[in-house]
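Below is one structure; the comments refer to it alone.
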Amino acid sequence: MATTAWNQQWLEQLRQTRVWRSIFRRGPARTNRTRSLAVFGNLALHVLPVKVREKSLSVRATYYLGSISFFLFIVLTITGILLMFYYHPAVPDAYRDMKDLIYVVSNGVFLRNLHRLAAQAMVVAVFWHMFHVFYRGGYKPPHEFNWVIGVGLLMLTLFLSYTGYLLPWDQLAFWAITVGTNIISYVPWLGRPIRFLLLGGHIIGQNALLRFYVLHCVILPLAAAVLIAVHFWRIQKDGGLTVRDDHE
Amino acid sequence: MPGEPKAPGKPEGKNAVSRRDFLNEIAGGALAVAAIGAVVVTVNYSSPNVLFEPPTTFRAGSPDDYPVNSVTYLQEQQVYIVRTDKGMWALSAVCTHLGCITQWKPESDQIACPCHGSKFQRTGTVQAGPAPRPLPHFALGLGEDGVLVVDKLEVVKETEILKV
């Protein structure tokens with residue numbers, strides 16, 4: 001009994017305290033049932049399956065491309081929120097704020113570059129993921145609708161990239177959005193009204209910057225989060241990443 | 001027993017509908033109207049009524065400021081004022097392909113777009129490149145004090161030339 005290390009004893013004492021027991025109701029899981037409950041009854045973990053097949057963890061099954069895409073999305077969200085501390089979506093301020101972030105703010109250049117790099121990497125990752133799912137036949141029945149959701153996620157990724165591109169308010173941004181919105185106006189009937197709503201006017205100015213900012217930071221990420229949730233849920237309910245269907 | 005409420009029976013007759021179903025249909029219709037109304041209200045809200053954009057009608061100086069057989073680029077308005085011996089007209093400097101700003105090239109007597117290589121004559125006609133339409137002509141008039149006035153919202157035909 002006396003041979004337990006001092007830190008283990010300390011940990012055991014900590015676990016007996018009232019504060020600890022009020023936060024962590026069950027002790028460490030020692031049986032299979034309590035191990036299942038640890039995932040099933042946990043707020044953060046209960047959306048995950050309690051068990052996964054060992055096969056689905058292999059790198060060659062999916063090359064983890066979907067996970068990489070999701071990870072990049074998380075990186076983009078966190079770096080994006082941090083960038084929001086210094087960025088004003090206003091016409092004279094935006095360009096100045098970008099220069100501020102690059103030259104003045106501590107680690108600003110790192111976070112800004114990480115955001116931009118993750119954005120470009122995410123576009124590559126989602127395309128690669130799509131090609132690989134196609135190669136694996138993961139779109140075949142009964143998984144067709146998940147493919148459709150995936151295409152929706154692809155569109156959201158590209159539109160997030162596009163709206164984010166305007167925010168530095170430099171020449172590259174301004175002309176890219178000029179050309180892009182003019183392409184939209186070529187859509188018959190709805191093209192010009194859609195362009196007017198997107199820009200909040202006829203020219204690319206303050207209204208356009210603000211609308212693109214709201215789209216980029218609120219509307220599109222929320223839509224992406226919802227579709228990501230459905231996309232994962234479908235995989236899980238269908239039996240995981242490497243489920244064998246009857247007609248394979 | 002008499003006086004007890006009767007259980008609702010099946011509605012009789014063709015197209016008969018029970019009171020419950022009728023009320024449900026009314027409620028469903030009301031919800032549909034509310035939902036459509038919500039979408040319409042949101043779209044109207046998103047479409048701005050007042051725009052803070054540079055004015056589209058502007059003064060361009062007197063005709064004497066422009067020598068005969070010249071093409072002058074007004075940078076702030078992105079408009080060319082072209083004067084020939086036949087008269088004057090105002091040309092948009094925005095390329096009709098995808099919206100880049102064109103440049104007047106006197107050495108080749110052409111208006112050229114740097115983005116995708118569209119080339120226009122000083123009349124606005126497309127000579128080369130992916131531009132689908134000629135450069136539009138804006139309404140050019142003389143104000144009371146003899147000053148040129150350009151209205152970018154009014155596109156006029158190529159044949160309308162201001163004689164000075």
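Below, chain A is the first sequence line, B the second, and so on; all start at residue 1. Worth saying up front: this structure is predicted, and the values here are computed from it rather than measured.
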In terms of heavy-atom proximity below 4.5 Å to chain A, should T56(B) be classed as side chain, backbone, both, or neither? neither
Just checking F196(A): does its CZ atom have more than 12 heavy atoms from other residues, nucleotides or ligands closer to it than 6.0 angstrom? yes
CH2/W175(A) to SG/C100(B) distance, rounded to the nearest 0.5 angstrom? 6.0 Å
Are there more than 12 heavy atoms of other residues, nucleotides or ligands under 6.0 Å from atom CD of E107(B)? yes
So for atom CD, which belongs to Q75(B), do other residues, nucleotides or ligands contribute more than 12 heavy atoms lying within a distance under 6.0 Å? no
Heavy-atom donor-acceptor pair, E53(B) side chain to H202(A) backbone, under 3.5 Å: yes
Is atom OH of Y86(A) surrounded by more than 12 heavy atoms (other residues, nucleotides or ligands) closer than 6.0 Å? no
Determine the minimum heavy-atom distance between P48(B) and G200(A), stating which atoms define it. CG-O, 3.3 Å
Correct closest heavy-atom pair for L98(B) and N182(A) would be O-ND2, 2.7 Å
Can you confirm whether Y139(A) is buried at OH, in the sense that more than 12 heavy atoms of other residues, nucleotides or ligands lie under 6.0 Å from that atom? yes
Any idea which heavy atoms bring T96(B) and Y186(A) closest together, and the distance? O-OH, 3.2 Å
Rounded to the nearest 0.5 Å, what separates atom CD1 in I203(A) from atom CG in L51(B)? 8.5 Å
